[in-house]
Amino acid sequence: MQVSISAELRRRFAEARRVLVLTGAGVSAESGVPTFRGGGNTAVWKGIPFDVISSGAMLERNLPAVWEWFDYRRGVLASLEPNPAHYQIARWQDRFPDFTLVTQNVDGLHQKAGSRNVVELHGNVWRARCTVCRMGHDMSESARPDACPSCGNSVRPDVVLFGEMLPPGVFEFAANKAAECDLCFVIGTSAIVYPAAGLPAIAKDAGAFVCEVNPERTPLSSLCDEVITGKAGEVVPQIGL
Ligand code: BJW
C-alpha cells in the first residue's frame, strides 16, 4: 500500500545526521511474532496473562514455569525471518553519520537483518544469565545451561521482566542519544511501557522531528510531528534510503 509521506519528512530524512529509531513488537508483527497487546496468541500463556508470567515476581516464585514460557518463545522464533522493515532499518545504519537503533524487542530479528550495536532495552530471549554473578550465556547456538558454568547458581532468561530494572546504563545511553538526535522514528510500539516510551519525548524536547509508524494511534501520536498510519513492513521501505 502506497502511503503519503510529507515533503517535510523527506527533507528532514535527506538532511538528518543523527537519527534514533525506537522499535517495539509491531515491527516484528509481519514476521509472525505476536504483539503483546491488541490480540495475538501470546497475551495469555496457559491461562496466565503475559504480564504475570513475564514478571519478576513469577521468576522468584516459579523459575521453571518462566523457562517453559521462554523455551516455547525461542522455539517459535527460531523459524521466523526479518521483514522489509527490519532490513530497511538495517540499511539506515550506513546512511547516517550517527545512527542508533533502540529496541524493546527481545526477538533478535533486527540483528538477523544485519543491524549492528542494537540497544536492547529489554534484553534478548536468546541469552540466559546467572541469577547471582550475571554471567551471560548465548543460547542461539547452544542449549540452555542447567546452571551457571562459572558459579553453579541458577540461570534465568536475560530479559527485563515487568517490575524489574533495565540493565545498568542502557536506558541512560539511549536517552543521551535521544537528546542528541535530529530525527526520531517510533515504529510499532504501543508506547505504554516506561521508561522506553519516554524516549521520543526526550528527542522532541531537544528539538528533533519525531515520526511515528503504526497502524493504530498511541499515547505518543499527539506529540509526533508526523504520524504515518500503516504497517511497518509496508511503510518503512517507502520512507527512503
Ligand atoms: C504494528 C504492526 C505493524 C501492530 N507495524 N506496528 C511510569 C509510569 C507507569 C508505570 C511505570 C513507569 N515507569 C515504569 C513503570 C512500570 C512498568 C510500566 O511501564 N508499566 C506500564 C505497563 C504501565 N515498567 C517496568 O516495569 C520497567 N521497569 C522499570 O521501569 O524499572 C524501574 C521501575 C521498577 C518498578 C517500578 C517503577 C520503576 C520494565 C519494563 C519491562 C517490559 N518487559 C516486557 C516483557 C519482556 C519479556 C517478554 O518478552 O515476555 O517487554 S513487557 C512488553 O511490553 C515487552 C515489550 O518490550 C514492552 C513494550 O511493548 P511494545 O513493544 O510496545 O508492544 P505492544 O504489543 O504493546 O504494542 C505493539 C504495537 O505495534 C501496537 O501499537 C500495534 O498497533 C503496533 N503494530 N502491527 C507496525 N505491522
Side-chain angles (χ1 to χ4, degrees), residues 1 3 21-45 48-59 65-74 76-77 82-86 88-89 102-110 118-129 156-172 174-175 185-201 211-221 224 227-239:
M1 189 190 69
V3 291
V21 176
L22 171 67
T23 63
V27 81
S28 294
E30 289 151 272
S31 294
V33 183
T35 60
F36 294 92
R37 302 172 185 84
N41 59 10
T42 65
V44 173
W45 163 249
I48 313 170
F50 84 88
D51 54 349
V52 174
I53 188 72
S54 278
S55 70
M58 181 61 87
L59 191 98
V66 175
W67 268 122
E68 193 186 345
W69 158 238
F70 277 92
D71 290 347
Y72 163 77
R73 300 259 300 275
R74 290 199 316 286
V76 171
L77 286 172
N83 66 57
H86 294 106
Q88 191 74 348
I89 292 166
V102 181
T103 190
Q104 299 167 83
N105 297 348
V106 296
D107 56 31
L109 286 176
H110 282 302
V118 182
V119 181
E120 294 179 320
L121 291 177
H122 296 163
N124 192 307
V125 295
W126 295 102
R127 284 194 307 269
R129 73 171 156 85
R156 54 161 289 173
D158 191 7
V159 169
V160 183
L161 304 172
F162 269 104
E164 294 191 315
M165 303 296 284
L166 273 58
V170 176
F171 180 74
E172 291 74 8
F185 289 100
V186 188
I187 304 173
T189 176
S190 59
I192 65 167
V193 174
Y194 280 81
L199 289 171
C211 173
E212 178 177 66
V213 177
N214 199 308
E216 309 284 340
R217 285 188 71 80
T218 76
L220 283 183
S221 301
C224 292
V227 175
I228 305 179
T229 304
K231 295 180 176 180
E234 295 174 3
V235 173
V236 175
Q238 295 181 50
I239 291 173

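Note that ligands are numbered from 1 as they come in the structure, with each ligand's atoms numbered from 1 the same way.
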Options [options], ranked by nearest heavy atom to [atom], top entry:
atom                    : options                        : answer
atom 29 (C) of ligand 1 : Glu164, Glu216, Glu234, His122 : Glu164
atom 45 (C) of ligand 1 : Thr229, Val160, Asp107, Thr23  : Val160
atom 69 (C) of ligand 1 : Gly24, Ala196, Gly188, Pro34   : Gly188

Looking at ligand 1, does any of its N/O atoms fall within less than 3.5 Å of an N/O of [X]?
X      : value
Phe70  : no
Ala232 : yes
Phe50  : no

Which part of [X] is near ligand 1, with near meaning a heavy atom under 4.0 Å away: side chain, backbone, both or neither?
X      : value
Thr189 : both
Met165 : both
Ser190 : both
Ile187 : neither

Item checked: Sidechain N-carboxylate O distance under 4.0 Å for Glu164, Arg156 -> yes
Margin query: Do the side chains of Glu120 and Arg127 get close enough for a salt bridge, i.e. N-O under 4.0 angstrom?
Written below: yes
Check: Contact between Arg73 and ligand 1, counting heavy atoms under 4.0 Å?
Finding: yes
